[in-house]
Amino acid sequence: MNTVQNFELYAPKLIEKREFFSSGHRACQGCGEVLGLRMIMKALGEDVVVSNATGCMEIISTAYPHTAWETPYIHVAFENAAAAVGSGVEAGLKALRRKGKIADRDVKSVAIAGDGGTVDIGLQSLSGAMERGHDMVFFCLDNEAYMNTGIQRSSATPFMAATTTSPAGKAIKGQRTGKKNVAEIMVAHNLAYVATACPSYPLDLMEKVKKAKAVKGPAYVHVYTVCPTGWRAASEQTIKLGRLVVETGIFPLYEVENGKYRLTMETPEPRRPVEDYLKLQGRFRHLDPSDVAKVQALVDKEYRKLMHKVKTSVPWS
Amino acid sequence: MGKRIGMEVGIAAAEAVGLCNIDVAAVYPITPQSHIAEHLSDIVHDGRIDAEFITVESEHSSISACAGASATGARVYTATSSQGLMYMHEILPIVSAMRLPVVMGNANRAVSGPLNIWNDHTDIMPQRDSGWIVMHAENGQEVIDMTIQSFKIAEHADVMLPTVLNMDGFQLTHMIEPLEFPTQAEVNKFLPDRVPYATLHPDKPMSMGCFNMPEIFTETLKAKDTALINSKKTIVKIWNEWEKQFGRAYKPVETYKTKGADTMILTMGSMGETASVAVDELRKAGKPIGLVKLRLWRPFPLEELRMAIKGCKTLIVMDRAVSFGGAGGPVATEIKSLLFHDKDRPRIVDFIMGLGGRDVTVENFIDMVARAGKKKDESYEYYGVRE
């Protein structure tokens, strides 16, 4: 098993020392997604079974006969793997445990998919799995486009971002729609725990993973993960971009426990202008000042909506 | 063996599953499979068996959930039909490549375009190349027996492949037939607990479903092909065990009055019963006609078929699906291709009939035998089509 060198110097009490997602995988330089994944796996610990959708994390980690997974892992397909396969894993473990065919202890079914496998092609199976109340956690590792296939837009791609299927053209300047809010859709499924997280805030992320795992029933964590390759950003800017996205209020870090919204990372007031975040990425290079103002207006609106819930929501129970 | 009772075949299929100590079922309802889904959920909800019943939101998820559950070591079952099977299509070859012994029942129904809920084989034929063991039941008793056999076949250490048992929609699933159920003790004796080769559990972490680079992909596919070809031996062995314990024989290719027959009808599924009546009548009229029934479609029982059609001059294949713009019905096409090099192979007449629930009567079979005698070439023909 891999361990971090000089770990005792840094965070021995806060972070699991063992690595459940090993090094030596094939992720790009500066990949925020694999960083988030590594933290998730550390926070989850060993008693999990991971069902992974087709996507970047799957292809960088499981080129037969290699694997980066130190926990049990299954990949079946793209749209179903995370939610439907995860449901089956949960049901299988439950039945086998009840019948005394496997060890009598909690093993959590964990499903992991990218934004495409969650918000687009995987939305139906995600909704089904969450509605049925399986004891499982679903992680969306959102890098805001189909990166594995070459940066095509998904419904998680932000407004005006250029991708290979929402290019910055002369007539249409990038993505025409705003980001689909799947965390809200998950709240509408009456989940006991829904959260957003970002690996630029590692302790916040890992705390949320632990909370989600502790829920008896379905829980959902939406993890914002920087993709320097797909965003046309410098690979050393990953952590910075993750901080800027929170400080601008574009991707606020919050959790919803039994319907009660809470910001887990206060956004500085006044919030930083979105331009600070946009200008570091080639995918927004085509934006002129009036475009930036449109993005700012959309972010302001979404942020107001969220803050209203933070102020007014009360727990269901 | 219990006493003979009258029961709808779809419900009997669920009852048979209920005898098999399954751990997980993931079923999405679709006509004409829905009685299986309903009755299986009754069995679970009444606490008659200890299993998880996952009420999935689609067939794509039912087969996916079966894959996940099977990978944990559980014994799993699903059932579907037509559009549902088409919706599962993407996942079927993954399940077989991962060597997950999922057992499926398929209530054969026409594939839409236009919509039609009645019986033919256009749903199972597109799944032909998925790497599954594909079997066809002819009557209700076979549905019960072959459902139970399926688990033993699929999970056998020398097989480890998913199985699909076809039962014709309505024409079989909705018939009330006199049926015999084995007792629980008899099934327990025949069907041992699943002993999985590999499972998903933290006690022994392993990665399943890793992707293959070009350097290994061909080898993986060949391994699947080899496994499927080799499975026939075990299937036959398990059928022999069944015969020994329960007295009912099962063979990859069944024959009826083929002795001395120069013309033979070949069917799959419930149509065999009607065809056998036609054979009786033709025999009574002094015509040397026999009947060959394919029970096993994958792996294809070539040797058994050769034996069955020995001496046959004209083989009339009843195809309940068609490959549009191609060589004809899938069953005849395949048989023609496999027998191509056989020196004394029969002339193969391919009738496309019984599509979308179109009834095929005893008279129709007799008529087809007469038409086949007059046919000059081996081109396929839609039988009874309104021009």
Side-chain angles (χ1 to χ4, degrees), chain A residues 20 45-52 54 58-59 61-99 101-103 105-109 111 124-129 131-132 134 136, chain B residues 21-26 28 49-76 78 88 90-91 93-95 97-98 100 102 193-194 196 198-213 215-217 219-220:
Chain A
F20 296 101
E46 59 197 331
D47 276 341
V48 295
V49 173
V50 174
S51 306
N52 190 198
T54 309
E58 174 256 327
I59 61 115
S61 64
T62 63
Y64 180 87
H66 304 287
T67 182
W69 298 86
E70 308 268 3
T71 55
Y73 169 94
I74 182 170
H75 159 253
V76 175
F78 188 11
E79 67 277 53
N80 61 338
V85 175
S87 302
V89 167
E90 187 256 9
L93 292 173
K94 199 157 127 188
L96 293 173
R97 183 181 173 184
R98 196 168 61 222
K99 291 167 135 177
K101 293 179 185 172
I102 55 169
R105 70 170 194 274
D106 285 338
V107 174
K108 195 83 174 185
S109 174
Q124 173 183 310
S125 81
L126 169 62
S127 175
E131 173 271 325
R132 291 190 296 271
H134 295 281
M136 66 185 286
Chain B
N21 190 24
I22 59 161
D23 300 304
V24 176
Y28 187 80
I49 62 171
D50 185 6
E52 292 292 312
F53 188 87
I54 312 179
T55 50
V56 273
E57 82 296 334
S58 73
E59 291 89 352
H60 197 282
S61 287
S62 68
I63 188 64
S64 304
C66 282
S70 185
T72 67
R75 175 171 289 167
V76 302
T78 189
M88 289 181 178
E90 183 211 7
I91 307 303
I94 306 176
V95 173
M98 292 175 82
L100 298 171
V102 174
D193 273 356
R194 180 182 169 197
T199 62
L200 290 173
H201 197 275
D203 286 347
K204 193 185 176 193
M206 57 178 66
S207 296
M208 297 190 189
C210 296
F211 79 89
N212 278 191
M213 297 289 277
E215 291 76 10
I216 195 70
F217 186 76
E219 286 70 15
T220 305

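Quick note: numbers below take in every heavy atom, side chains included, and nothing from hydrogens, waters or symmetry partners. Since we're looking at a predicted model, the values are computed, not measured. Residue numbering restarts at 1 for every chain, and letters A, B, ... go by the order of the sequence lines.
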Toward chain B, the part of A:His134 with a non-hydrogen atom under 4.5 Å: side chain
Are the side chains of B:His60 and A:Gln124 in touch, meaning some heavy atoms are under 4.5 Å apart? no
Between the side chain of A:Lys94 and the main-chain N/O of B:Glu52, is any donor-acceptor distance below 3.5 Å? no
CG on A:Leu93 to NE2 on B:His201, rounded to 0.5 Å: 6.5 Å
So for B:Glu215, is it side chain, backbone, both, or neither that comes closer than 4.5 Å to the heavy atoms of chain A? neither
Nearest 0.5 Å, what's the OG-CD distance between B:Ser58 and A:Glu79? 9.0 Å
So which of B:Thr220, B:Ile216, B:Asp203 has the largest heavy-atom pair count under 4.5 angstrom toward chain A? B:Asp203
Let me know if B:Ala71 has heavy atoms under 4.5 Å from chain A in its side chain, its backbone, both or neither. side chain
Heavy atoms only, distances under 4.5 angstrom: which of A:Ser127, A:Ala91, A:Gly128 has the most pairs with chain B? Name it, please. A:Ala91
When the 4.5 angstrom heavy-atom criterion is applied to A:Ile102 and chain B, the contacting part is side chain
Answer with side chain, backbone, both or neither: which region of B:Leu200 has an atom nearer than 4.5 Å to a non-hydrogen atom of chain A? both
B:Leu100, part contacting chain A, at a heavy-atom distance under 4.5 Å: neither
Of all of B:Val76, B:Asn212, B:Ile54, which one pairs up most often with chain A through heavy atoms under 4.5 Å apart? B:Ile54
Please state whether the side chain, the backbone, both or neither of B:Val56 comes within less than 4.5 Å of a heavy atom of chain A. both
Rounded to the nearest 0.5 Å, what's the gap from CG on A:Leu126 to CD on B:Glu57? Could you check? 9.5 Å
Looking at A:Lys99 and B:Asp50, is there a salt bridge between them, counting it only when a charged N and a carboxylate O are closer than 4.0 Å? no
Show which side-chain atoms of residues 71-78 of chain A pair as donor or acceptor with protein atoms under 3.5 Å away, not counting sequence neighbours.
residue	atom	partner	partner atom	Å
A:Tyr73	OH	A:Asn52	OD1	2.9
A:His75	ND1	B:Gly209	O	2.9
A:His75	NE2	A:Thr54	OG1	2.7

Run A:Val49 and B:Thr72 through side-chain contact (heavy atoms from CB on, under 4.5 Å) and show every step you take. CA-CA 9 Å; A:Val49 173; B:Thr72 67; 5.7 Å; no
Residue among B:Asp193, B:Ile63, B:Val24 with most heavy-atom pairs under 4.5 Å to chain A: B:Val24
May I ask you to name which of A:Ser87, A:Ser125, A:Ser61 has the most heavy-atom pairs under 4.5 Å with chain B? A:Ser125
For B:Arg194 and A:Lys101: C-alpha separation, side-chain torsions, deciding distance, then whether side-chain contact (heavy atoms from CB on, under 4.5 Å) applies. CA-CA 10 Å; B:Arg194 180 182 169 197; A:Lys101 293 179 185 172; over 6 Å; no
B:Ser207 versus A:Trp69, closest heavy-atom pair with distance: OG-CB, 3.8 Å
Could you check if a side-chain atom of A:Arg98 sits within less than 4.5 angstrom of a side-chain atom of B:Asp23, using non-hydrogen atoms only? no
Highest number of heavy-atom pairs under 4.5 Å with chain A among B:Ser61, B:Cys66, B:Gly73, B:Cys210 belongs to B:Cys210
So does B:Phe211 have more than 12 non-hydrogen atoms from other groups sitting under 6.0 Å from CZ? yes
By a 4.5 Å heavy-atom criterion (distance strictly below it), what part of A:Val48 contacts chain B: side chain, backbone, both, or neither? backbone
So, the part of A:Glu131 with a heavy atom under 4.5 Å from chain B: the answer is neither
